[in-house]
2 protein chains.
Amino acid sequence: MPYKERDIEKQYFTIGEVAAQFNVAPSLIRFWETEFEELRPRKSKKGNRLYTPQDIDIFRTIYHLVKERGYTIPGARDMLKQKGPQLKEKIDVIQSLEKIRKFMVTMKKELDAIGKAQG
Amino acid sequence: MPYKERDIEKQYFTIGEVAAQFNVAPSLIRFWETEFEELRPRKSKKGNRLYTPQDIDIFRTIYHLVKERGYTIPGARDMLKQKGPQLKEKIDVIQSLEKIRKFMVTMKKELDAIGKAQG
DNA sequence: ATGTCGCGCTCTTTGTATGGCATGGGAAGG
DNA sequence: CCTTCCCATGCCATACAAAGAGCGCGACAT
């Protein structure tokens, strides 16, 4: 069964979608594009940015360095050049742990609720 | 053999000495003092800052984070609170390696000189 | 079918608020 | 006298945000 063109196209995300996912302004993403050569997504004929999941991984790494660890942009740039790949894996681990943490927090709430009802 | 008072006193460094050691302006050291509570040296009666080697270690750590790794000041502050002690040891290792590197570079120059003389 | 209106999203260019110190002034030691 | 102090002010780059203009697309009328 031949799949449609749109299905192929939708491997891409718009800048607005990426911005929403990270809760940042599109202007920030465009600005970082001028600062990090790793973050240069493909563009449509019109000129709109088309982000692949890999592009988003790169953005996530930069976001982690700049917004969560407090690197300057030059600092993040150096770090990215040196340890790009290893960094991605570390951040994946961190994200997994974050999800587990959230899960456990909700579990704790549930248990507290039961405890109160019985206590 | 009893050691003299001066020998004890000279465990302290002035701001100018510290500044020279790191090749920075005294104003930078004073500014960082307002930003990092870890960097609050003892003061003389007059008010002059008296830096111990430990104070200098702390300064070195901050210097490493901000000037060499490219952290913002808030980023360096967080890092320092979390990993202050471990960080110091890492930086000691880095400094040792730096010295070894310098040594090897000069050795290489010597060897190159010999090679040329004989080749 | 075909304007066309309007809305939302995008684009690039330009503006701007801190951030991160440096400098200058005056006083006070060492 | 040279260095230090504190304080205020100055200042330049960093790190974005806002402004202004241009698609594209669905709705609605023609």
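Throughout, protein chains are lettered first and strands after them, A, B, ... in sequence-line order, and every chain is numbered starting at 1.
Using a 4.0 Å cut-off on heavy atoms, the residues of residues 42-49 of chain B that approach DNA chain D are Lys43(B), Lys46(B), Gly47(B), Asn48(B), Arg49(B), listed by number. DNA chain D is contacted by Ala25(A), Ser27(A), Leu28(A) of residues 22-30 of chain A, taking any non-hydrogen atom closer than 4.0 Å.
Taking CG of Asp55(B) as the reference point, atom CD of Glu33(B) lies at 9.5 Å (rounded to 0.5 Å). To the nearest 0.5 angstrom, His64(B) atom NE2 is 8.5 Å from Tyr71(B) atom OH. Atom CZ of Arg60(A) and atom CD1 of Ile58(A) lie 11.0 Å apart (nearest 0.5 Å). How far CG of Leu39(A) is from OH of Tyr51(A): 6.0 Å, rounded to the nearest 0.5 Å. Distance check, rounded to the nearest 0.5 Å: CG of Asp57(A) to CD of Glu38(A) gives 13.5 Å.
The CH2 atom of Trp32(A) sits 10 Å away from the P atom of dA17(D) (whole-angstrom rounding). Remark: C1' of dT14(D) and NZ of Lys67(B) are 13 Å apart, rounded to the nearest angstrom. Distance CD1 (Ile73(A)) to P (dG19(C)): 15 Å, rounded to an integer number of Å. Protein atom CG of Leu65(A) is 13 Å distant from nucleotide atom P of dA15(D), rounded to whole Å. At whole-Å resolution of the value, CZ in Phe31(B) and C1' in dC5(D) are 18 Å apart. To the nearest angstrom, P of dC16(D) lies 10 Å from OH of Tyr63(A).
Side chains of Phe22(A) and Leu28(A) form no contact here, defined as non-hydrogen atoms less than 4.5 Å apart.
The two atoms that bring Arg40(B) and Thr34(B) nearest to each other are NH2-O, 4.0 Å, heavy atoms only. Residues Arg77(A) and Glu35(A) come closest through the heavy atom pair NH1-O, 2.8 Å. Contact between Ala76(B) and Leu65(B) at its shortest, heavy atoms only, is O-CD1, 3.9 Å. Heavy atoms only, all atoms of each residue included: Pro26(A) and Ile15(A) are closest at O-CD1, 3.7 Å.
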Are Lys81(A) and Asp78(A) close enough, and set up right, to give a salt bridge (charged side-chain N to carboxylate O under 4.0 Å, His left out), and what steps lead you there? CA-CA 5 Å; Lys81(A) 298 244 178 211; Asp78(A) 293 352; over 6 Å; no

Please write out each protein N/O paired with an N/O of nucleotides 8-13 of chain D under 3.5 Å, distance rounded to 0.1 Å.
none

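In this model, the phosphate group of dT4(D) is approached by a side-chain N or O of Thr14(B) to a distance below 4.0 Å at OP1 or OP2.
Nearer the 5' end of DNA chain D, as judged by each residue's closest nucleotide, is the contact made by Ile15(B), out of Ile15(B) and Pro74(A).
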